[in-house]
Amino acid sequence: MRTALVRIALCMALAGCANAPEKHAAPPAPMAAPAPVPPPSGPEPNDNLNAVAWTQTAIEHDLVYREVFRVAGEKLRIALKDAHWDALSKSERKQPLSPKLKPAVILDIDETVLDNSPYQARLIEQRKEFDEYSWSDWCREKRAKALPGALAFAEDAAKRGVIVFYLSNRAQDLNEATLQNLRSEGFPIAENEPVFLGLGTAVEGCEQNGTEKGCRRELIGRTHRVLMQLGDQIGDFVDVLSNTPDGRREAMEPYSGWIGERWFVLPNPTYGSWEPSLFNNDWTWPAGLRRKAKVESLRPE
């Protein structure tokens, strides 16, 4: 009997051991957390990327420039034969037209005859914004290339006895570097004529309005009959008193018939007074706030 009881107890103990967990078994491993997604590599978004890429790589950019300068050259030949042809606005034509006035054309420089897109590309690459110091350094490099069609137009004008004026908002301390750059690209520079009129040019009897070019255009008109003007900003043609989208349209409205006849506008999506007109002309706004204002200016419908 004792033997039977012992056998029964032993069997029960063994059964219990079979169902018991192992003393030294490790607890189940927790589920691993997903690996964090790395941030996207490369430069941060830059509002100017598409504009500069288009300027430097799109064949359409070059075609537009050639088209504009070719048509301007055709109109120039017509203008030379018309003694009443004048491309100065009424407010800037202070000297009456006269056969004694020498014929002239007025060309803006940056993004009209010289290509500064490498400077814009550097800003994108370095994740920087425009500043006067880096701009001045770029100008002093004297490496800007002639834009398509610009040189042929300027050379043709000079051969026909037309004085080519270069009217720019580059600071006057960049005069010599700018002239050297223009000469290196083959642009005609008339002798004994102050053909480069940079920002800060004093014009007696005319009150300068900020960086507007009206006084300098008036100065040219005192001794020349301006046959044509070419630029990439509406400020290259008229002074803009209210730099808002509506104010800019109003400034050009009286001369809409001159576009493609006496005034020739070239495309520049990389910079210009059109941009700050969208955020109250205040560059102290943070980049995010400026971008928000630009987004809000869009018309989805």
Side-chain angles (χ1 to χ4, degrees), residues 46 48-70 72-73 105-126 128-158 163-190 193-201 211 213 216 228-233 235-237 264-275:
N46 188 301
N48 215 15
L49 176 58
N50 263 16
V52 176
W54 181 82
T55 298
Q56 292 195 325
T57 67
I59 184 63
E60 291 87 349
H61 169 275
D62 293 0
L63 295 178
V64 169
Y65 269 74
R66 290 193 181 100
E67 176 184 355
V68 169
F69 278 111
R70 182 169 61 247
V105 295
I106 299 177
L107 302 180
D108 172 56
I109 294 180
D110 299 310
E111 280 49 74
T112 297
V113 300
L114 290 182
D115 176 14
N116 299 288
S117 64
Y119 170 71
Q120 301 294 332
R122 291 180 189 180
L123 294 181
I124 294 173
E125 185 179 64
Q126 298 167 7
K128 294 181 179 179
E129 292 189 334
F130 171 89
D131 67 84
E132 293 290 348
Y133 298 104
S134 61
W135 168 247
S136 178
D137 287 344
W138 159 254
C139 292
R140 293 182 194 283
E141 288 183 33
K142 298 169 285 190
R143 294 174 59 191
K145 299 300 181 183
L147 282 157
L151 181 57
F153 172 83
E155 287 179 327
D156 181 66
I163 304 298
V164 181
F165 283 90
Y166 302 93
L167 187 50
S168 171
N169 274 341
R170 290 190 179 196
Q172 284 212 307
D173 64 324
L174 297 172
N175 280 15
E176 190 54 40
T178 302
L179 285 168
Q180 288 180 19
N181 197 163
L182 289 168
R183 288 191 181 100
S184 70
E185 289 299 297
F187 285 97
I189 307 296
E193 289 269 12
V195 295
F196 175 73
L197 287 79
L199 185 63
T201 300
T211 60
K213 296 180 176 181
R216 285 171 279 170
M228 200 158 290
Q229 298 191 62
L230 292 94
D232 64 304
Q233 311 285 330
D236 294 327
F237 309 95
F264 292 84
V265 186
L266 293 150
N268 178 9
T270 61
Y271 67 86
S273 54
W274 61 269
E275 184 180 5

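The OH atom of Tyr166 sits 12.0 Å away from atom OG1 of Thr112, with the distance rounded to the nearest 0.5 Å. In this structure, NE2 on His61 lies 8.5 Å from CG on Leu266, to the nearest 0.5 angstrom. Note that CG of Leu167 is 8.0 Å distant from CD1 of Ile109, once rounded to the nearest 0.5 Å. The line from NZ of Lys213 to CD of Gln229 is 9.5 Å long, rounded to the nearest 0.5 Å.
Counting only distance, with no hydrogens or angles, the side chain of Asp236 and the backbone of Asp232 share a donor-acceptor pair below 3.5 Å. The backbone N or O of Trp274 lies less than 3.5 Å from no partner atom in the side chain of Gln233, so there is not a single donor-acceptor pair.
Contact of the Leu107 side chain with the Phe165 side chain is not registered, since no non-hydrogen atoms from C-beta on lie closer than 4.5 Å. Residues Leu174 and Arg140 are in side-chain contact: their nearest non-hydrogen atoms beyond the backbone lie under 4.5 Å apart. In this structure, the side chains of Leu114 and Phe187 come closer than 4.5 Å at one or more pairs of heavy atoms. Contact of the Gln172 side chain with the Leu199 side chain is not registered, since no non-hydrogen atoms from C-beta on lie closer than 4.5 Å. Counting only heavy atoms from C-beta outward, the side chains of Tyr271 and Asp110 approach each other to under 4.5 Å.
Under the 3.5 Å distance criterion, with hydrogens and angles disregarded, a donor-acceptor pair is assigned to the side chains of Asn48 and Gln120. Between the side chains of Asp131 and Ser134, at least one donor N or O sits under 3.5 Å from an acceptor N or O. Asn116 and Glu111 form a side-chain donor-acceptor contact under 3.5 Å, judged by distance and modelled atom types alone. Side chains of Asn169 and Arg216: a donor-acceptor N/O pair is present below 3.5 angstrom, by distance only. A side-chain donor-acceptor contact under 3.5 Å links Gln56 and Ser117.
Ring planes of Phe130 and Trp135: tilted class, angle from 30 to 60°. Classified by interplanar angle (parallel below 30°, tilted 30° to 60°, perpendicular above 60°), the ring pair Phe69/Phe153 is tilted.
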